[in-house]
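Shown next, in structure tokens, is the structure this report addresses.
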Amino acid sequence: MNHPQSLLVAETGPFQVPKSPITDQASSAVRFSLVVPTYNEGKNVRAIVTILCHLLDEALPNDYELIIVDDDSPDRTWELAQAMTPEYPQLRVIRRQGERGLSTAVIRGWQAASGKILGVIDGDLQHPPEVLLQMLESVQGGADLVVASRHVEGGGVSSWSLTRRILSRGAQVLALTILPGVIGRVSDPMSGYFMLRRSAIAGRTLSPVGYKILIEVIGRGRMNTIAEVGYVFRERQEGESKVTWRQYVDYLHHLLRLRLSLGRVGRIRRSLSQWQLGRFVRFGLVGLTGVFVDTTLLYLLHDPSGLGWALTRSKIIAAEFAIINNFLWNDRWTFGDISSQQRGWRKRFKRLLKFNLVCLIGLGLNVVLLNVLFNSLKVNYLVANLLAIAAVTIWNFWINSRLSWRVTEVTRED
Ligand code: GDD
Ligand code: MN
């Protein structure tokens with residue numbers, strides 16, 4: 001009996017399916033990768049692997065893989081599955097330790113997959129495997145996503161309790177209210193049985209929560225064509241459902257999070273982040289400290305109670321100290337994430353020179369704007385000064401973020 005294949009190591013880091021299979025799988029890339037998430041399915045695992053492999057050996061000989069993603073089940077489902085690998089060479093097993101959850105298990109499985117088509121099916125035989133063939137036909141016919149649905153022609157649930165039916169439908173209505181654009185695209189958004197083209201989600205960072213991986217995929221993927229096939233959700237024969245009230249709380253949290261990141265609010269947040277609003281606010285606060293330094297020094301240098309120096313000389317020195325103050329704060333705080341990539345005194349001094357130059361030009365602009373507003377447009381000089389400072393702050397920020405703290409992608413080849 002040859003040794004069971006070694007366990008696959010689960011990906012960590014962002015939940016992002018690669019555009020093409022990870023290198024060592026690229027050579028043996030298959031057409032279809034089916035992920036089976038398991039938790040305490042020790043009593044079902046032999047049956048599910050046998051049935052699925054027989055079905056797919058026929059439909060896609062040597063052109064599919066089965067990836068069991070087990071969350072370190074106490075009943076050692078992963079070990080039972082691993083022992084089957086010599087008999088089923090298309091079977092690969094991931095034992096996750098530390099990370100848990102149905103949705104994340106599915107994505108980690110897809111990240112390890114080599115198929116152009118990715119699928120998910122429960123590991124407890126409640127999803128009828130033969131429906132896979134219809135789904136494959138649909139995807140190969142051009143659909144980006146095919147969902148096995150209980151709510152279309154040929155669909156249904158076996159004897160679900162009234163409570164479970166109400167809960168499931170209630171969950172669907174709630175989802176429709178919060179995320180109509182996503183949930184409304186399928187008749188069974190709660191389904192955990194579907195398949196899709198890798199290209200439909202490749203490169204997209206998913207942030208799944210709880211049990212409902214499908215709404216995450218529809219919400220964040222590029223699904224032009226969605227097809228559905230009816231299936232009857234069967235009674236569980238062995239083991240028990242892991243759905244608790246916790247999954248419902250996760251579900252609500254997931255819906256709200258998707259709403260925030262996909263809807264209008266999400267678009268505003270994304271554009272603001274493109275605009276770097278947070279960074280601009282920090283830049284403005286630093287500017288305020290500069291105004292304080294400038295004013296205080298101007299007073300100490302020019303005022304008769306201080307050194308009583310000439311106004312222009314005092315202003316130039318005060319302004320220069322304010323510029324250095326602003327540079328130090330901006331370099332550490334506002335643009336700290338960028339300057340920490342560009343270490344060394346030489347680079348820092350270069351940034352200071354650029355910042356100084358931009359601020360001196362900004363000072364010139366400030367004076368010109370102040371005069372135009374005050375002399376030509378008859379704006380009160382203090383208001384004119386504030387308007388000029390605001391306009392020049394935006395200009396300073398924009399130029400400095402592109403000049404002094406530019407993200408240099410180029411890495412020197414040493
Ligand atoms: N890896 C992993 N980690 N697998 C899990 C986890 C987990 O935390 N929780 C559950 N699973 C596996 C189970 O072992 C089973 O194979 C599958 O996910 C479904 O879990 P069940 O606990 O049986 O869910 P259910 O039958 O009540 O609900 C199912 O059907 C619904 C309708 O399709 C799930 O698939 C739901 O996601 C789905 O919405
Ligand atoms: Mn189940």
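Ligands are counted one by one from 1 in listed order, and the atoms in each one are counted from 1 as well.
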NZ/NE/NH1/NH2 to OD/OE distance under 4.0 Å, [X] and [Y]:
X: E41; Y: R236; answer: yes
X: K315; Y: D294; answer: yes
X: D70; Y: R95; answer: no
X: E65; Y: R92; answer: yes
X: K212; Y: E216; answer: no

Whether the side chain of Q126 engages the backbone of R234 through a donor-acceptor N/O pair (distance < 3.5 Å, no angle test) should be reported.
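Yes; judged by distance alone, with no hydrogens or angles, the pair exists.
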Tell me, which pairs form a salt bridge (charged side-chain N to carboxylate O under 4.0 Å, His left out) where one or both residues lie in residues 322-337, sequence neighbours left out?
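Checked against salt bridge (charged side-chain N to carboxylate O under 4.0 Å, His left out) - neighbours excluded - the pairs reaching residues 322-337 are R279-D337, D331-R348, D331-R351.
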For ligand 1, what are the residues with a heavy-atom contact below 4.0 Å?
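P37, T38, Y39, E41, V69, D71, R100, G101, L102, A105, D122, G123, D124, Q126, H127, R150, R164, M190, S191, G192, Y211, K212, Y231, F233, R236, S241, K242, V243.
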Can you give each donor-acceptor pair under 3.5 Å made by side-chain atoms of residues 139-149, sequence neighbours left out, with the distance rounded to 0.1 Å?
unit_1, atom_1, unit_2, atom_2, d
Q140, OE1, R31, NH1, 2.8
D144, OD2, N224, N, 2.9
D144, OD2, T225, N, 2.9
S149, OG, H151, N, 2.8
S149, OG, S187, OG, 2.7

Should the ring pair H127 and Y193 be called parallel, tilted or perpendicular, given that the plane angle runs from 0 to 90° and is split at 30 and 60?
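Answer is parallel, since the angle falls under 30°.
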Using a cut-off of 2.8 Å, count how many protein N, O or S atoms are strictly closer to the Mn ion (ligand 2).
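Counting protein N, O and S atoms closer than 2.8 Å to the Mn ion (ligand 2) gives 2.
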